[in-house]
Colleague: 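Let me give you the structure first, and then I'll get to my questions.
The chains referred to below are lettered A, B, ... by the order of the sequence lines, with proteins before strands, and numbering in each begins at 1.
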There are 2 protein chains.
Amino acid sequence: MDLSSYNNHYRILVAVDCIIFGFYGTQLKALLIKRGFEPEKGKWSLMGGFVREGEGIDEAANRVLHQLTGMKSIYMEQLCAFGDVNRDSAGRVISIAYFALINSTDYNKQLQLEHEAKWFPLSEIPELIFDHQKLLLKAKERLREKVACNPIGFELLPPKFTLPRLQLLYEAIYETPFDPRNFNKKMRSLGILNKLNEKERGSSKKGAYYYEFNSQNYKNVDKGIKKIV
Amino acid sequence: MDLSSYNNHYRILVAVDCIIFGFYGTQLKALLIKRGFEPEKGKWSLMGGFVREGEGIDEAANRVLHQLTGMKSIYMEQLCAFGDVNRDSAGRVISIAYFALINSTDYNKQLQLEHEAKWFPLSEIPELIFDHQKLLLKAKERLREKVACNPIGFELLPPKFTLPRLQLLYEAIYETPFDPRNFNKKMRSLGILNKLNEKERGSSKKGAYYYEFNSQNYKNVDKGIKKIV
DNA sequence: CCAAAAGTGTTCATGCTACACCCATGA
DNA sequence: TCATGGGTGTAGCATGAACACTTTTGG
């Protein structure tokens, strides 16, 4: 490799920061940690880490997500880069933000304790370090845009879920109620759900049918054309 | 500033690369340059530059755009970061991509010569260095998504333009013809155009009325709700 | 038998699509 | 006067929004 022509240029610390969304009860929440090192040690923060030598940025984001959740193959997408000169009080750091969606039922609670991580409803986010509030806000916007045309909401639910539950999720994301008749009709018409022959008991006496996401059908459809919500 | 806790981390070269779109005749084009330094000197490339000390990333993109076009206050938006380990053959470089829209009538041709820059129709892009082809593709996608709901197409036109010309622009972006009756109706109904009392002569005998973009009206509308195309 | 949540169908308004003719003018 | 591109309106269709009642069953 010939590095000669690049040698005199300024090198910068590059971090990845992850906005991790989960769906608990009726609330969309974000997973935050108590920062474990200076500066701003002990304050609430997004989970992040520096990009290492020989490590791609997506790889770095995956590593960071794995560190905190113990999960592999999390749904994850790059948001954008944040690079104001003084965004980090301890020096020049460019942060590449990722947002991730996880199914809250299967992740490692042990790791959560180690990192002093906590789920916060989006309406009750505490003060965050640096520009992390801004990253979180942008992630929320992007999630809405993305969910409107792409079936990624399912990433926030277990493989089997009921329609009322799916509706609660969309209501949490958009912070607005939907009409259950219209919602069901729309969802069924998209042809991306399989109705199972099994009911969920417990949240109602009648019981609601379970559905699963049919990704095969989705792939056959012209992506991004149909509006989901 | 206390840098102690960050000191042992790996620092990386960060570049910004700009995908610059322009509208010429009936074609959407991208501005490419002949790369002026090694590696890959003399090959076609996006215009880019390294992020400097004390310079924010948006600032860096503006600087790069100014260098090539001589224009200030160009419409510009961050696309995303590209950070695969071996994307640059000469070492680890993370690139933050920006796409820019410029009105082709008022930019500096002199600078174009100095950089050996050339406008290429999107259907005739030559081989590009590194992953620049990928950046360009992604920019094209993003432009379509963005233009569908935001009136940024006007950035590609002079302040005064005719409806047939605007239609040609949209047709170029979406690579598909529109019905002129429906297109006009839709555009007029959005209430973001001012019809001027002046006609463009030359492209037809009857002449077409000039319009200008009314950004004031646009700001009063609930953004991002209305679909433009 | 009653309370609580699940499930379903119809109507109306709106917006999108398709489509054909007259207008103004320079040559 | 004619060729060229500019400009407009209508009817059918699909989609989204509003809205109320029946079903199931555990307690």
Colleague: Would you kindly give the OH-to-C1' distance between Y210(A) and dG7(C), to the nearest whole Å?
Modeller: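 Interatomic distance, OH of Y210(A) to C1' of dG7(C): 17 Å.
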Colleague: Check if the side chain of K185(B) and the base of dT10(D) share a donor-acceptor pair of N or O atoms closer than 3.5 Å.
Modeller: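 Indeed, a donor on one side and an acceptor on the other fall under 3.5 Å apart.
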Colleague: Does K206(A) get its side chain close enough to the base of dA6(C), under 3.5 Å, for a donor-acceptor pair?
Modeller: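 When only heavy-atom distances are counted, K206(A) does reach the base of dA6(C) through a donor-acceptor pair under 3.5 Å.
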Colleague: Would you call E200(B) and R165(B) a salt bridge, taking side-chain N to carboxylate O under 4.0 Å as the test?
Modeller: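 Salt bridge: no.
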Colleague: To the nearest 0.5 Å, what is the distance between OH (Y211(A)) and CD1 (I192(A))?
Modeller: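 The OH atom of Y211(A) sits 12.5 Å away from the CD1 atom of I192(A).
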Colleague: Rounding to a whole Å, what distance do you find between Q167(B):CD and dG5(D):C1'?
Modeller: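 Taking CD of Q167(B) and C1' of dG5(D), I get 12 Å after rounding.
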Colleague: Rounding to a whole Å, what distance do you find between R201(B):CZ and dT4(D):P?
Modeller: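 Answer to the nearest Å: 18 Å.
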Colleague: Atom NZ of K186(B) and atom C1' of dT8(D): how far apart are they, to the nearest Å?
Modeller: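 Checked: the NZ to C1' distance equals 18 Å.
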Colleague: NA contact type, S203(A), heavy-atom cut-off 4.0 Å: base, sugar-phosphate, or nothing?
Modeller: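 Contact class for S203(A): sugar-phosphate only.
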Colleague: Side chain of K205(B) only, please: which of dG16(D), dA3(D), dA4(C) is the nearest?
Modeller: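 Selected nucleotide (nearest to the side chain): dA3(D).
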Colleague: Is it true that Y210(A) and E212(A) share a donor-acceptor pair across their side chains at a distance under 3.5 Å?
Modeller: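 On atom types as modelled, these side chains do not qualify, holding no pair under 3.5 Å.
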Colleague: Please determine if K29(B) forms a cation-pi arrangement with F120(B), meaning its NZ or CZ atom is less than 6.0 Å from the six-membered ring centre and no more than 45° off the ring axis.
Modeller: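 No, cation not above the ring by the 6.0 Å, 45° rule.
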Colleague: N182(A) has a side chain; which of dA18(C), dG7(C), dG9(C) sits nearest to it?
Modeller: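 So the side chain of N182(A) is nearest to dG9(C).
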Colleague: Between Y211(A) (OH) and dA6(C) (P), how many Å, whole number?
Modeller: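 In whole Å, dA6(C) P lies 12 Å from Y211(A) OH.
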Colleague: Would you classify R188(A) as touching base, sugar-phosphate or nothing, given that sugar-phosphate means primed atoms plus P, OP1 and OP2, and contacts are heavy atoms under 4.0 Å?
Modeller: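 Sugar-phosphate: the residue R188(A), judged by heavy atoms under 4.0 Å, touches backbone atoms but no base.
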Colleague: Hey, is the side chain of R181(B) pairing donor to acceptor with the base of dA18(C) inside 3.5 Å?
Modeller: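 Side chain to base: no pair below 3.5 Å.
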Colleague: Atom NZ of K199(A) and atom C1' of dT24(D): how far apart are they, to the nearest Å?
Modeller: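 Value for this atom pair: 6 Å.
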